[in-house]
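Both ligands and their constituent atoms are indexed starting at 1 by order of listing. One is the number of the first residue; the rest follow in order along the sequence.
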Amino acid sequence: MADCLFCKIIAGEIPSAKVYEDEYCYAFRDIHPQAPVHVLVVSKEHVANVKEAAALSDASLAAIIRAIGKIAQQENLAEGFRVVTNCGKNACQSVNHLHFHILGGRQMADQMA
Ligand code: DGP
């Protein structure tokens, strides 16, 4: 999508600290980390958020979940981690391109919100 920040990051037009990449998804460090490890996993195909994710292929959806597990291992998150996806205004989604936050490297709060 022409005017999408994460599409530009995937295309290499905007620099990012790459953590993982495969045919279906790209992962990089969040510019404003909220935990010692804060990685964003984004679908290479543009969809706005998880509400629109049904438009992705099954292969793409499966690849994203598999990538999260691989990245957790790569980032030494054996003690646990949290995966968050914000969807829409009430969840404060700020970039309208499907992405999953992987947060780890410290004890997470018991309350999720
Ligand atoms: P969300 O609020 O769930 O839409 O998360 C968007 C995240 O994207 C937010 O945690 C900050 C991150 N972010 C925004 N712009 C950039 C950027 O240019 N580079 C990187 N690495 N992360 C960004």
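- If you look at V84 next to ligand 1, there are no close heavy atoms at all, none under 4.0 Å.
- Using a cutoff of 4.0 Å between basic side-chain nitrogens and carboxylate oxygens, K44 and E23 are not scored as salt-bridged.
- The shortest N or O to N or O distance between F28 and ligand 1 is not below 3.5 Å.
- Contact annotation: for L5 versus ligand 1, heavy atoms closer than 4.0 Å belong to the side chain alone.
- Shown in contact with S94 at under 4.0 Å from a heavy atom are these atoms of ligand 1, numbered in order with element: 1 (P), 2 (O), 4 (O), 5 (O), 6 (C).
- Those atoms of ligand 1 that come under 4.0 Å of a heavy atom in C92, given as number and element, are 2 (O).
- Contact annotation for T85 and ligand 1: no heavy atom of the residue comes within less than 4.0 Å of the ligand.
- At least one N or O atom of N86 sits closer than 3.5 Å to an N or O atom of ligand 1.
- Counting heavy atoms closer than 4.0 Å to ligand 1, residue A91 contributes nothing at all.
- Within the 4.0 Å heavy-atom shell around ligand 1 one finds I9.
- Distances below 4.0 Å separate heavy atoms of Q93 from the following atoms of ligand 1: 4 (O).
- Only the side chain of H99 comes within 4.0 Å of ligand 1, judged by heavy-atom distances.
- Considering both main-chain and side-chain atoms, D30 comes within under 3.5 Å of ligand 1 through a nitrogen or oxygen pair.
- Each of the following atoms of ligand 1 lies closer than 4.0 Å to a heavy atom of F6: 8 (O).
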